[in-house]
Protein chains: 2
Amino acid sequence: MEYTVHKLARLAGVSSRTLRYYDEIGILKPARINSSGYRIYSQAEVDLLQQIMFYRELGMDLNNVKSIVTSPSFDPTQALLEHKRRLLERRTQLDVLIANVDRSIAATEGRCTMTDKEKFEGFVQQMIDENEAKYGAEARQKYGDEAVDQSNARLKGMTKEQHDESARLANEIETTLALAFETGDPAGPLAQKAADLHRQWLTFWWGSYSKEGHAGVAQMYVDDERFTAYYDKRQPGTARFLRDAIFIYTGQKA
Amino acid sequence: MEYTVHKLARLAGVSSRTLRYYDEIGILKPARINSSGYRIYSQAEVDLLQQIMFYRELGMDLNNVKSIVTSPSFDPTQALLEHKRRLLERRTQLDVLIANVDRSIAATEGRCTMTDKEKFEGFVQQMIDENEAKYGAEARQKYGDEAVDQSNARLKGMTKEQHDESARLANEIETTLALAFETGDPAGPLAQKAADLHRQWLTFWWGSYSKEGHAGVAQMYVDDERFTAYYDKRQPGTARFLRDAIFIYTGQKA
DNA sequence: CATAAACCTTTACGTAACGTCAATGTCAAT
DNA sequence: ATTGACATTGACGTTACGTAAAGGTTTATG
């Protein structure tokens, strides 16, 4: 199937100006130009436009999108998986916002009180998202393939049950950690429970366990922006808090 | 509690430039200016900023936001209820996008085909949103309460409808599954129909769908005695049969 | 066959919501 | 007393298009 600008624009729900602009900045060029100078798009361009729109939906600026989709190592399928991960993240952020608005409604009715900080929960995420959009591409380029390969290899070796178990653990870590963070005490029972869950989770992936390795990973959560972003996505400072808790758990000096 | 620009900015996760701009365009003026010309914000401004940020999150432009929040008939509590409605809408749209990306992944793996139109499902909504943002404020001012009431009714109706739909699906799964079990063939059309119904049912509850999740649940039906008991209550072996059918449906190896 | 409607083209200026200097003043703490 | 972190007001820059102008092409219709 071939499309002119307007046809493709209507299909995708964007303006023809947008497509011309995308051509201008070299992010989406038509398959060919016909004898009258009209832009003609075909299958590959339809799929690429979809990819671009996923990135845009997730708030990435066109410059970044361009550097990703024009990269020779761009893998559409991997990108789709990444889109899905980001969309799910976005949905949990939306849930935080919805919880926020719920509490705000309750507050106006005097059914509860909110601190000023709580009034902006779920919005702050934006900053992190933008940060990810800015540095994410670069980080992917740095660690990308290596990390992907590694995790894929592990994944193949795991049975589905193991996979489920690890997912369950990861989930429990997240919720326990969120609760522990509220207490503010990395030595407290909740934080130590989170650390222990994290040990279990790690043992899954490594097949073995060592206190040194555990502490090392914990430190990495603070040093490596990718992990920091992941753990801090709900509450900034969570990565650091987890590291502190794990240091105490492993008996490491902080 | 009183805030300077920077303090309030950090609290809300925006830049101080943004707050100065909001002052400039008259959308959020500080409570007062101190003797050195500093902007000082207090409680009312914190709450108003939250409102503004909800509108912004939903894609409304500042001009519209201004005309709403500066209107003498602006009702913060009503606005919060409206925010919630819009956020929930936004979430269902996100779910459409997630379903889209799921199908797109399946398509790249050759597990299904997609029309070009389907590739942009969930994006198109944007246009409607923007349209709503443009003319919504005006319409609300004109029809305000009536529209709100209507949408509230729709929400209530929707949830009941959804509830009914899921019950209907569950019922259909049970009968189809019973018939399919008679055939003894988990790859047959009846069993596959049951698997598909089960997918629909699952999508209802999860808001999204993934093969892995589907297969995981299927395995759980066999592993967890509570579920096994439920599905086997009529015919022992039904849980296992359903799992096999779903594994075939999702293309999983049994 | 003409002609209007509905496309397409490039060029170019406009806009929203800030980001980012620059030049300057204020405040708290060492 | 000075340093560093804050504040102020301009003012120009940027992104991702919108919008209009001036014109060529295609297609449907009288």
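Below, read A as the first sequence line, B as the second, and so on, with proteins coming before strands; counting in each chain starts at 1.
Of the two residues contacting DNA chain C, namely K7(A) and S16(B), the nearest-nucleotide position lying further toward the 5' end is that of K7(A).
Not a single donor-acceptor contact under 3.5 angstrom links the side-chain atoms of R20(A) to the base of dT10(C).
Side chain to side chain, H83(A) and Q51(A) meet the donor-acceptor criterion of an N or O pair below 3.5 Å.
I52(B) has its CD1 atom 11 Å from the P atom of dC18(C), to the nearest Å. To the nearest angstrom, P of dA21(D) lies 16 Å from CZ of R17(A). Distance L19(B) CG to dT9(D) P: 13 Å, rounded to the nearest Å. One can place CE of M60(A) at 16 Å from P of dT15(D), the figure rounded to the nearest angstrom. Regarding R39(B), its CZ atom lies at a distance of 15 Å from the C1' atom of dT26(C), rounded to whole Å. Going from atom OH of Y3(A) over to atom P of dT26(D) covers 21 Å, rounded to whole Å. Remark: C1' of dA17(C) and NZ of K66(B) are 14 Å apart, rounded to the nearest angstrom. Between R10(B) atom CZ and dA7(D) atom P there is a gap of 9 Å when expressed in whole angstrom units.
Taking the side chain to side chain donor-acceptor pair (under 3.5 Å) definition, one finds that D116(A) meets it with K119(A), Y3(B), Q43(B), sequence neighbours left out. Residues satisfying the salt bridge (Lys or Arg N to Asp or Glu O under 4.0 Å) criterion with E182(A), sequence neighbours excluded, are absent altogether. Partners of E118(A) by salt bridge (Lys or Arg N to Asp or Glu O under 4.0 Å), not counting sequence neighbours: none found. For K84(B), the salt bridge (Lys or Arg N to Asp or Glu O under 4.0 Å) partners at least two apart in sequence or on another chain are D102(A). In terms of the side chain to side chain donor-acceptor pair (under 3.5 Å) criterion, R20(B) has no residue partners (sequence neighbours excluded).
The phosphate of dT8(D) has neither OP1 nor OP2 within less than 4.0 Å of any side-chain N or O from S36(B). H6(B) has a side-chain polar atom (N or O) that falls below the 4.0 Å cut-off from OP1 or OP2 of dA7(D). Taking side-chain N and O atoms only, S15(B) has a distance below 4.0 Å to OP1 or OP2 of dG19(C).
For R56(A), the side-chain atoms get nearest to dA16(D) when compared with the rest of dA16(D), dT26(C), dG24(D). Out of dA17(C), dC17(D), dT26(C), the shortest distance to the side chain of D61(B) is found at dA17(C). For Y38(B), counting side-chain heavy atoms from C-beta on, the closest listed nucleotide (dC27(C), dT9(C), dC18(C)) is dC27(C).
Of the residues in residues 21-34 of chain B, not one places a heavy atom less than 4.0 Å from an atom of DNA chain D.
Residue contacts shown for T4(B) are limited to sugar-phosphate atoms, with no base heavy atom under 4.0 Å away.
No donor-acceptor pair under 3.5 Å is formed between the side chain of E109(A) and the backbone N or O of A106(A).
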